Amino acid sequence: MSPAQKQKPAKSDLARMKGMLVIISGPSGSGKGTVVKQLNPVNGYALSISVTTRKPREGEQNGRDYFFTSEEDFHKLRHENALLEHAVYVGNYYGTPRKYVEEQIEKGKVVVLEIEVYGALQVKDKFPSAILIFLMPPSLPELARRLKNRGTEDAVTIEARLKKALEEIPLVDRYNYLVINDIIPDAVAKIDAIVAAERMRPVRSAAAIECFIGSGTGV
Ligand code: 5GP
């Protein structure tokens with residue numbers, strides 16, 4: 001095998017596809033949802049909508065926030081291989097619909113998955129070129145305060161989510177980037193900057209390089 005062949009990314013890797021896969025994780029209450037909604041459209045983001053067996057919170061809409069489903073239907077999707085990854089989080093199932101992600105990547109979009117750590121690591125195993133960003137709250141008391149102020153969960157669930165945060169935070173070293181979410185617009189700008197820089201990696205620009213070389217010198 002020649003050195004050039006050795007450097008080629010694996011066939012399954014998204015590096016060979018047109019778009020990019022960006023995963024944003026972080027403890028419940030770290031502000032992932034708020035940050036993701038404010039990402040700059042100039043980067044061509046496509047936000048994946050997950051399937052969950054969790055009950056909708058007040059104001060959440062089926063098909064906008066999540067595809068809310070029964071456990072039976074969730075497992076059906078799993079068995080049909082319709083989910084790119086899935087995980088259990090504080091008693092509920094969550095999963096990423098595969099079809100949307102693949103279609104958007106093929107269109108050249110920057111597909112954003114806002115998912116917890118075990119799902120993120122499953123995706124990274126399948127697609128090593130996926131970019132993993134961990135969004136961290138400034139402190140544990142601040143995280144507890146945000147969860148309480150959100151008012152969407154009861155005390156037992158808040159406790160379970162804080163416990164889960166302590167389980168998730170040590171896995172941050174498996175991520176490519178850590179962004180502290182203290183001031184929301186700053187965190188948004190940092191994620192936009194990461195994505196813009198990742199776009200310029202030569203491995204993601206094979207078509208541009210080929211086009212440059214193919215155009216000849218004209219002299
Ligand atoms: P929540 O119930 O607060 O909406 O979400 C709970 C956790 O599940 C969050 O950390 C969220 O990022 C994560 N999550 C949402 N969708 C998915 C998914 O499709 N897969 C995985 N693995 N986690 C998800």
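Everything numeric here is computed off the predicted structure, so don't read it as measured data. Order of appearance sets the numbers: ligands from 1, and atoms from 1 within every ligand.
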Undergrad: Take the angle between the ring planes of Tyr93 and Phe74 and call it parallel below 30°, perpendicular above 60°, tilted in between.
TA: tilted

Undergrad: Keeping Glu198 on the side-chain end and Ile131 on the backbone end, is there a donor-acceptor pair under 3.5 Å?
TA: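 No.
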
Undergrad: Counting neighbours of CD on Glu159 that are heavy atoms of other residues, nucleotides or ligands and sit closer than 6.0 Å, is the number greater than 12?
TA: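 Open.
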
Undergrad: For ligand 1, give me the residues whose heavy-atom distance to it is below 4.0 Å, by chain and number please.
TA: Lys32, Ser50, Arg54, Arg57, Tyr66, Glu85, Ala87, Tyr89, Tyr94, Gly95, Thr96, Glu114, Ile115, Glu116, Gly119, Arg161

Undergrad: Contact between Ile115 and Glu85 at the side-chain level, heavy atoms closer than 4.5 Å - yes or no?
TA: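 A side-chain contact under 4.5 Å exists here.
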
Undergrad: Are the charged groups of Lys99 and Glu103 less than 4.0 angstrom apart, N to O?
TA: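 Yes, Lys99 and Glu103 are salt-bridged.
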
Undergrad: So that I can tick it off, tell me whether Lys107 and Glu102 are bridged by a salt bridge, with the cut-off set at under 4.0 angstrom between side-chain N and carboxylate O.
TA: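 Salt bridge between Glu102 and Lys107, a charged N being under 4.0 Å from a carboxylate O: no.
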
